[in-house]
Amino acid sequence: MKKLTLVVFTLLILTGCNTVSKETKDLLNGDFETGDLTGWIANGKAFEGDIVKDVQTYGEYQRLYYHQGDYHLLGSINSGERGTLTSSDFKISNTGFLTFLIAGGFNYNKVYIGLYDAKTDELLEKKSNNLFKDPEFTEGYVRIIWDVSNFMGKDVYLKIVDEDDSTYYDYLNVDGFKVNLTEKELMIYQTDALIRLGYAESGNKLEAINRYTDMNTWKVDMKDKFNYHVTGKIGWINDPNGFVYYKEQYHLFYQHNPKDVVWGPMHWGHVVSNDLVKWEYLPIALAPDQTYDSEGVFSGSAVEKDGHLYLIYTGNIPQRQVQAIAYSTDGISFEKYADNPILDYKSLPADASPSDFRDPKVWEHDGEYYMIVGSRQISNSYGQVLLFKSSDLKHWSYVGTPYKGSSATFSKLGKMWECPDIFELNGHEVLIMSPQEVPGHRNQNSTVYVVGNLNYKTGKLENINYEQIAEIDYGFDFYAPQTMIDNQGRRIMIAWMQTWNRTPITAALGYSGAMTLPRVLNLVNGKLIQQPISEIENYRANKVNTVLNLNQSSEKVENLKGKSNEILLTITPDSNETGVKLFKGQNEETKVYYKDGYVYLDRTNGTKGKIPAGDINNITKAKVDLKNGKIHLRIFIDQFSVEVFVNNGEQTITSTVYSSIDAAGIEFYSLGTSTIEVEGYDLIIR
Ligand code: FRU
């Protein structure tokens with residue numbers, strides 16, 4: 001870089017300096033924070049014009065560039081052009097390592113960064129984006145760490161060379177050139193380089209997993225996703241966690257393994273919404289990065305205290321489960337409490353298993369905080385729930401055991417009780433929980449509700465009527481529900497719309513698991529009533545309305561078809577099967593129908609062999625009452641799911657469906673004589 005050296009040198013002489021000062025030997029504006037090309041010399045069209053930008057994200061998914069500071073150099077703006085960009089001179093010193101961020105540059109030989117001898121202009125070495133493998137790395141910066149210590153003491157300069165005029169990632173985006181790294185800087189940048197590839201050493205797991213997720217988002221096609229049901233950005237999700245209304249938004253966290261489509265190291269994924277229908281991803285909130293949660297950040301809840309959002313979760317470690325907290329002032333980034341865990345085996349009553357002690361749900365009552373936790377009795381292996389109390393969320397004491405399983409409850413309530421939640425509803429307390437190993441159950445586990453009155457002094461749930469304990473939902477895919485109360489005073493429940501031990505069909509599309517529609521709860525005559533949140537009605541379009549008189553026949557309704565719909569049916573049945581066929585294609589359909597006091601969901605011919613055969617896996621039913629000889633069904637379908645609300649939410653049936661892409665027919669039928677009043681909509685969310 002002879003010309004610039006000469007100018008600087010002349011300037012130094014003119015200003016009366018006779019030794020070359022250190023500053024002149026440092027790379028100028030290596031991070032482009034001047035907002036322009038000060039310190040660099042551009043040649044050719046590739047680096048022409050306004051190409052130093054402070055933009056943060058790119059593309060359809062708003063993915064982050066992960067640049068440094070505000071500005072970075074976007075060669076992509078002049079894609080298809082050739083040119084060079086030359087830095088100021090610097091003298092190689094310290095460790096002799098330099099580093100920078102790079103993106104793009106598919107054609108290694110034609111697009112690279114050269115290190116040149118400042119005296120002779122000889123090319124000493126070059127580096128291209130050797131991390132460019134596939135589109136996941138193209139725009140998100142990776143870090144190059146370059147050992148140029150062989151040239152220690154030499155005056156050199158860098159040249160960004162773009163000799164590629166094709167259009168396939170033919171450019172380089174760069175940022176953060178930093179030369180002559182010290183030992184300490186080198187260590188920091190090496191860690192950063194790993195994080196940028198999604199790998200983490202201890203302590204950086206959260207950053208790394210967020211980076212990994214962002215890099216791989218493109219692998220899941222938006223058209224393969226549910227329209228109005230929450231899913232992970234990529235990878236696996238299970239239980240809803242930390243469902244809360246905070247700072248005028250709904251927050252939902254979830255059990256999340258971003259790196260695979262099966263269960264694995266548990267993180268807390270995070271979405272927010274203004275209306276419980278349209279959700280937006282926030283960074284993953286918690287990673288298993290501490291000694292007390294190294295085997296997984298398991299399920300838990302959220303509560304607001306003094307304007308801060310607290311997450312209360314289970315830390316999973318070998319042979320133990322402990323409870324821990326993390327907090328946030330913005331609801332986006334969370335800090336784990338330094339004195340975690342806040343509850344461990346030492347706080348357990350006698351006979352409570354230290355390894356099955358999980359899923360804390362916290363709420364406030366009369367100025368105190370209460371926590372209910374799922375537990376297993378050591379002596380007989382039946383489930384129980386434990387109640388703890390605190391005034392500051394950090395120090396907790398045991399209050400009592402609201403409810404305990406026994407051999408007498410086994411047939412309904414199985415063994416270990418997961419994900420308990422207890423809340424006041426219409427003058428009673430409702431305990432919901434997810435018991436494992438319920439004998440003969442169509443799913444591996446069940447989900448039930450228990451109505452009683454919580455005695456906050458003794459910690460007992462009193463006045464339980466065992467006969468009244470019932471399943472919350474009669475479908476195949478409903479587990480680990482959690483509730484929250486919102487600013488309108490609504491008690492809203494959401495659940496994992498999947499069940500254990502089955503691979504979701506969407507796994508092949510890069511993600512597994514979804515949440516149900518959020519549902520508003522009420523208790524009427526001791527029965528839990530569920531209604532979809534009314535906000536979903538804002539997305540109704542293309543209304544149809546008709547009355548069908550069926551006589552051993554089936555009929556379609558004009559303009560009612562698809563895989564993202566709401567359908568309301570009022571059926572006047574006879575003694576024969578009558579209802580609707582959904583996801584109807586050639587030789588496939590999923591039926592929802594009424595017969596003899598039950599509403600059935602039958603996906604035998606709707607699962608393309610993805611679900612194990614047999615009625616127990618494919619046909620389910622809920623007992624219902626006719627009202628004036630009629631039955632009312634409100635059905636929501638969304639790509640791979642069906643949710644049926646019977647008689648305004650007296651019963652629900654929620655299931656995944658594994659139909660072909662083009663199986664989008666909707667058809668009403670009766671095997672006898674029936675009338676069906678139909679109201680139908682498309683649900684258009686995006
Ligand atoms: C329920 C559950 C919880 C646990 C979590 C782990 O589905 O087993 O008990 O906290 O999943 O992902």
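Both ligands and their constituent atoms are indexed starting at 1 by order of listing. Note: hydrogens, waters and symmetry copies are ignored here, and every other heavy atom, side chains too, is used.
- Listed by number with element, the atoms of ligand 1 under 4.0 Å from a non-hydrogen atom of Glu418 are 1 (C), 2 (C), 3 (C), 7 (O), 8 (O), 9 (O).
- Cation-pi contact between Lys389 and Tyr370: absent, since separation from the ring centre below 6.0 Å together with deviation from the ring axis within 45° is not met.
- Ring to ring, Trp236 and Trp496 are close: their centroids are under 6.0 angstrom apart.
- Residue Trp263 has at least one nitrogen or oxygen atom sitting less than 3.5 Å from a nitrogen or oxygen atom of ligand 1, judged on distance alone.
- Counting only heavy atoms from C-beta outward, the side chains of Asp421 and Phe243 never approach each other to under 4.5 Å.
- If you look at Trp496 next to ligand 1, there are no close heavy atoms at all, none under 4.0 Å.
- Against a heavy-atom cut-off of under 4.0 Å, Trp500 is close to the following atoms of ligand 1: 7 (O), 11 (O).
- Cation-pi check for Arg376 over Tyr382 is not met; the charged atom does not lie both under 6.0 angstrom from the ring centroid and within 45 degrees of its normal.
- Among protein heavy atoms, the minimum distance from atom 5 (C) of ligand 1 is reached at Asp239 OD2, 3.5 Å.
- For ligand 1, the atoms closer than 4.0 angstrom to any heavy atom of Ser299 are 5 (C), 10 (O).
- At the top of the distance list for atom 12 (O) of ligand 1, counting protein heavy atoms only, stands Gln255 OE1, 2.7 Å.
- Neither the backbone nor the side chain of Thr314 comes within contact range of ligand 1; no heavy atom lies under 4.0 Å.
- Close approach of ligand 1 to Tyr479 (heavy-atom distance below 4.0 Å) involves ligand atoms 1 (C), 7 (O).
- Residues Phe388 and Trp396 place their aromatic rings such that the two centres sit no closer than 6.0 Å.
- Close approach to Met266 involves these atoms of ligand 1, each under 4.0 Å from a residue heavy atom: 12 (O).
- Using a 4.0 Å cut-off between charged nitrogen and carboxylate oxygen, Arg196 and Asp214 do not count as a salt-bridge pair.
- A cation-pi contact, defined as under 6.0 Å to the ring centre and within 45° of the axis, is absent between Lys233 and Tyr511.
- At distances below 3.5 Å, at least one donor-acceptor pair connects side-chain atoms of Ser328 with backbone N or O atoms of Ser333.
- With distances taken over non-hydrogen atoms, the option nearest atom 9 (O) of ligand 1 out of Asn257, Asp356, Ile237, Asp359 is Asp359.
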